[in-house]
Amino acid sequence: MSVELKSPRELEVMRQSGRINAEIRERLIEAIRPGVTGLDLDRLAKDAIAKHGAEPTFVGYAPFGKPPYPGAICFSVNEELVHGLPSDRVLQEGDIVSIDLGVTYNGYVSDAAFTAPVGKVSAEATALMEATRDSLWEGIRAAKAGNRLGDIGAAIGAVADERGYGIIRGYGGHGVGRRMHMAPHVPNFGTPGKGLKLMSGMVLALEPMFSLGDPETEETDDEWTVVMSDGRLAAHFEETVAITEDGPEVLTRIS
Ligand code: MF3
Ligand code: CO
């Protein structure tokens with residue numbers, strides 16, 4: 001398994017891709033409210049991506065014989081973990097919704113996701129989202145040259161363990177660049193000091209997924225949507241992160 005190192009020029013294009021991704025995320029967050037559907041948000045994302053002269057990475061994505069992915073976003077509500085198809089399902093007060101967005105700009109992909117409340121949500125939903133977001137930032141802090149992949153996974157996993165959440169093991173982060181899914185796979189659990197050594201020039205999408213209940217998942221009949229087997233809530237956050245000489249640089253942020 002060889003992991004690609006990006007040149008400074010490639011990193012600059014990935015920054016641009018990430019900035020577009022971050023800008024559209026802000027628009028999506030503003031649009032989330034009771035009454036809105038996944039198709040509404042998908043339309044917003046598709047229009048915004050086109051306005052930026054970029055392409056929706058997810059549209060038509062069809063790994064290992066799956067039906068081509070139809071959306072610019074993934075739209076996963078409540079017990080849906082990831083890869084939910086944008087539909088006419090109407091968001092209700094109290095739901096939590098995970099939105100994943102891929103942007104390809106000048107050939108380079110940025111991949112980011114967040115889970116957000118729809119109106120007022122339960123305290124347990126809020127705490128689950130907070131823990132998952134915090135774990136992403138712990139993982140980002142560990143994403144530095146000289147550390148190993150296990151340090152990232154351990155940092156993320158420790159937050160779930162401390163706060164009593166399940167860690168979804170069947171899905172994780174990944175290398176990203178000219179393609180969305182590249183080596184290495186980045187698990188959300190691990191042993192400090194173990195695994196691939198991190199080097200400056202690597203770009204990784206970190207994406208912790210935590211569950212309120214049992215972390216077991218299954219795929220629905222649409223062949224995409226991943227749901228929690230016990231029907232309880234799950235949350236998902238993702239950022240595209242470059243490992244640089246100066247430490248981790250989050251590419252999918254405005255600033
Ligand atoms: N961030 C998600 C992942 O890495 C994006 C999936 S896009 C889809 O799995 F098109 F595959 F759904
Ligand atoms: Co991803």
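Just follow the structure's listing: the first ligand is 1, and inside any ligand the first atom is 1.
- Leu44 and Val118 fall within a single hydrophobic cluster, where Ile, Leu, Val, Met, Phe, Trp and Tyr are joined by side-chain heavy atoms under 4.5 Å apart, directly or via other members.
- Residues Phe58 and Asp42 are not in side-chain contact: their nearest non-hydrogen atoms beyond the backbone lie 4.5 Å or more apart.
- Looking at ligand 1, you won't find any N or O of Tyr61 less than 3.5 Å from one of its N or O atoms.
- Atoms of ligand 1 lying under 4.0 Å from at least one heavy atom of Glu238, given by number and element, are 1 (N).
- Ile168 places none of its side-chain heavy atoms less than 4.5 Å from the side chain of Asn188.
- Residue-to-ligand polar distances place His181 within reach of ligand 1: an N/O pair is separated by less than 3.5 Å.
- Lys194 NZ: 12 or fewer foreign heavy atoms inside a 6.0 Å radius.
- Taking the six-membered ring where the residue is Trp, Tyr61 and Trp224 present tilted rings, their angle falling between 30° and 60°.
- Atoms of ligand 1 found under 4.0 Å from any heavy atom of His174 (numbered from 1 in listed order, with element): 4 (O).
- Taking atom 2 (C) of ligand 1 as the reference point, the nearest protein heavy-atom neighbour is Asp100 OD2, 3.1 Å.
- Distances shorter than 4.0 angstrom occur between a heavy atom of Cys74 and an atom of ligand 1.
- Annotation for ligand 1: atoms under 4.0 Å from non-hydrogen atoms of Glu207 are 1 (N), 2 (C), 3 (C), 4 (O).
- The protein atom (non-hydrogen) at minimum distance from atom 9 (O) of ligand 1 is His83 NE2, 2.9 Å.
- Here Arg25 pairs with Glu239 in a salt bridge; the nearest charged N to carboxylate O distance falls below 4.0 Å.
- Side chains of Thr220 and Asp222: a donor on one and an acceptor on the other come within 3.5 Å.
- In terms of N/O distances under 3.5 Å, ligand 1 is approached by Asp111.
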* Worked verdict on Asp47 versus Lys51 for salt bridge (Lys or Arg N to Asp or Glu O under 4.0 Å) -> CA-CA 6 Å; Asp47 289 348; Lys51 258 184 216 135; 6.0 Å; no

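- In this structure, a donor-acceptor pair under 3.5 Å is present between the side chains of Ser17 and Ser110.
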* To do: I would like to know whether Glu12 and Arg15 meet salt bridge (Lys or Arg N to Asp or Glu O under 4.0 Å); could you show each step before the answer?
  => CA-CA 5 Å; Glu12 191 43 46; Arg15 266 185 205 109; 2.8 Å; yes

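- Between Thr217 and Met228 the shortest side-chain heavy-atom distance falls below 4.5 Å.
- Looking at Trp224 next to ligand 1, no N or O pair under 3.5 Å apart turns up.
- The contact set between ligand 1 and Phe58, taken as ligand atoms under 4.0 Å from a residue heavy atom, comprises 5 (C), 7 (S), 10 (F).
- Taking distances strictly below 2.8 Å, the protein N/O/S atoms close to the Co ion (ligand 2) are Asp111 OD2, His174 NE2, Glu207 OE2, Glu238 OE2.
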